[in-house]
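Just follow the structure's listing: the first ligand is 1, and inside any ligand the first atom is 1. The structure presented is a predicted model; accordingly, all values stated were derived computationally and were not measured. Each residue takes its place number in the sequence, starting with 1.
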Amino acid sequence: MNKMYALSMRSWLSYLSILAFTALSQSCMPGKDKPGYEYMPDMAHSIAYEANYATYYSFNQFVDEATYYEMAQPRTPVKGAVSRNSEYYPYPNTEEGRQKAIDEIVMAPTPITQEALENGKKLYNIYCAICHGEKGNGEGYLVREDGGKYPAQPADFTLDKFVNSTNGLYYHAIKYGRNLMGSYADKLTVDERWDVIHYIRSLQAKAKGLEYSEKANTLNDWAIPLAEWKDNEKVQQ
Ligand code: HEC
């Protein structure tokens, strides 16, 4: 009697476990047409509004899809908001605009500092040196290798016409590009553009045996070394 009971108990258990396994594999496991069940799905699928993102989760219990996308849309900034690093640049991308920028953007608005030159060097070597060359002489890798993969001659910044041009020429070229050269406005913030310009000036100074550093500027009168920069100085453009 005892033995029989034990036997049936064992088979009862194995029967149960087979049942449980079948139930499990049938209901929880994801299949071709079934997403399956997730333990705490909210942890994997955010139901928060993600700005500018298509992240609607179909099991979102709070709002329907249309409302979700309405809420996730970009909003208009409050009146008077000024974006970080916004720039006022009244010179259009035309030959006259370029000339006006050359005539009017004379002084660099930031002093020559060691950090500016270091940062400018880093950015210049990433974005400009491939064409303009690490020394700024227009002999970048793209122009040099295999008889010229790049069809146009990049500006040689060590030529007098570039050394003697005001900062506006550089700023305008970074902002809009020039002929075959593209714009770098989406790659460099306003401050970064001035760092790059400072660095190009330091390359020109090197080529001419002059100094352009945080201590002194013997290259031109258009940028103030940190040593001569007074705290309350505002450079008028
Ligand atoms: C893909 C190659 C290429 C890259 C990268 C490039 N340039 Fe140029 N750049 C040129 C070419 C080509 C010209 C000559 C355009 C012309 O005069 O037709 C030029 C011209 C210029 C000029 C002279 C503009 C003028 O008004 O005469 C400046 C200044 C300049 N580039 C700055 C930069 C700076 C700063 C960077 C990096 C942020 C840069 N360039 C990156 C190809 C490049």
Side-chain angles (χ1 to χ4, degrees), residues 84-208 210-214 217 219-225 235 237:
R84 261 184 83 193
N85 241 308
S86 70
E87 81 179 305
Y88 170 67
Y89 197 72
Y91 311 98
N93 185 11
T94 59
E95 207 40 50
E96 297 78 56
R98 171 176 175 266
Q99 196 51 54
K100 207 156 182 276
I102 295 173
D103 292 343
E104 294 179 5
I105 307 176
V106 177
M107 293 296 290
T110 53
I112 314 168
T113 65
Q114 202 182 329
E115 297 88 72
L117 291 173
E118 276 166 14
N119 196 35
K121 177 177 184 177
K122 195 178 80 188
L123 297 167
Y124 178 89
N125 284 334
I126 292 171
Y127 293 117
C128 323
I130 188 91
C131 288
H132 290 279
E134 292 197 358
K135 294 187 181 128
N137 57 3
E139 292 186 20
Y141 176 83
L142 278 188
V143 191
R144 245 173 25 227
E145 288 297 298
D146 306 334
K149 289 192 174 94
Y150 190 69
Q153 177 58 49
D156 173 355
F157 299 136
T158 61
L159 292 179
D160 281 350
K161 70 168 178 173
F162 289 113
V163 175
N164 296 333
S165 176
T166 66
N167 290 318
L169 176 132
Y170 297 85
Y171 197 94
H172 200 78
I174 297 174
K175 169 89 182 162
Y176 293 123
R178 176 140 178 92
N179 297 330
L180 272 185
M181 174 187 150
S183 161
Y184 285 81
D186 61 337
K187 310 274 188 306
L188 301 169
T189 66
V190 172
D191 284 347
E192 286 171 341
R193 293 173 208 173
W194 283 108
D195 290 352
V196 168
I197 296 172
H198 278 317
Y199 182 65
I200 292 174
R201 294 303 197 187
S202 77
L203 292 176
Q204 293 173 333
K206 204 179 217 172
K208 299 239 164 233
L210 297 168
E211 186 168 2
Y212 189 94
S213 74
E214 79 279 9
N217 176 5
L219 181 77
N220 60 34
D221 295 330
W222 305 324
I224 299 165
V235 172
Q237 297 263 328

For A152, atoms of ligand 1 separated by under 4.0 Å from a heavy atom: 12 (C)
I200 and ligand 1 - part of the residue with a heavy-atom distance under 4.0 Å: side chain
Heteroatom N/O/S of H132 within less than 2.8 Å of atom 8 (Fe) of ligand 1: yes
Charged N-O contact under 4.0 Å between E95 and R98: yes
Aromatic contact, Y89 with Y171 (centres under 6.0 Å): yes
H198 and W194 aromatic ring geometry - parallel, tilted or perpendicular at 30°/60° bounds: tilted
Heavy-atom nearest neighbour of atom 12 (C) of ligand 1 within options G138, P151, P154: P154
Under-4.0 Å heavy-atom contact with ligand 1, by part of I130 that carries it: side chain
Under-4.0 Å heavy-atom contact with ligand 1, by part of Y124 that carries it: neither
Taking distance alone, no hydrogens or angles, what donor-acceptor pairs closer than 3.5 Å link side-chain atoms of residues 126-139 to residues at least two apart or in another chain?
residue : atom : partner : partner atom : Å
H132    : ND1  : A155    : O            : 2.9
N137    : OD1  : E139    : N            : 3.2

Salt-bridge contact D160-K208 (side-chain N to carboxylate O under 4.0 Å): yes
Closest to atom 10 (C) of ligand 1 among M181, H172, R193 (heavy-atom distance): M181
Under 3.5 Å donor-acceptor, N217 side chain and Y212 backbone: no
N/O donor-acceptor pair under 3.5 Å between R193 side chain and Y170 backbone: no
For C128, atoms of ligand 1 separated by under 4.0 Å from a heavy atom: 34 (C), 35 (C), 36 (C), 37 (C), 38 (C), 39 (C), 41 (C)
Residue Q153 vicinity, atoms of ligand 1 by number, heavy atom under 4.0 Å: 12 (C), 14 (C)
Ligand 1 versus K187: contacting region, heavy-atom distance under 4.0 Å: neither
N179 and ligand 1 - part of the residue with a heavy-atom distance under 4.0 Å: side chain
Non-hydrogen atoms of P225 and A223 that approach each other most closely: CD-O, 3.8 Å
Subset of ligand 1 atoms that lie under 4.0 Å from at least one heavy atom of Y170: 29 (C)
Region of A173 that comes within reach of ligand 1 [heavy atoms, distance under 4.0 Å]: side chain
R98 neighbourhood, listing ligand 1 atoms whose heavy-atom distance to it stays under 4.0 Å: 25 (C), 26 (O), 27 (O)
Heavy-atom nearest option to atom 35 (C) of ligand 1, drawn from L169, I174, I126: I174
Test item: S202 side-chain N/O and Y199 main-chain N/O as donor-acceptor pair under 3.5 Å: yes
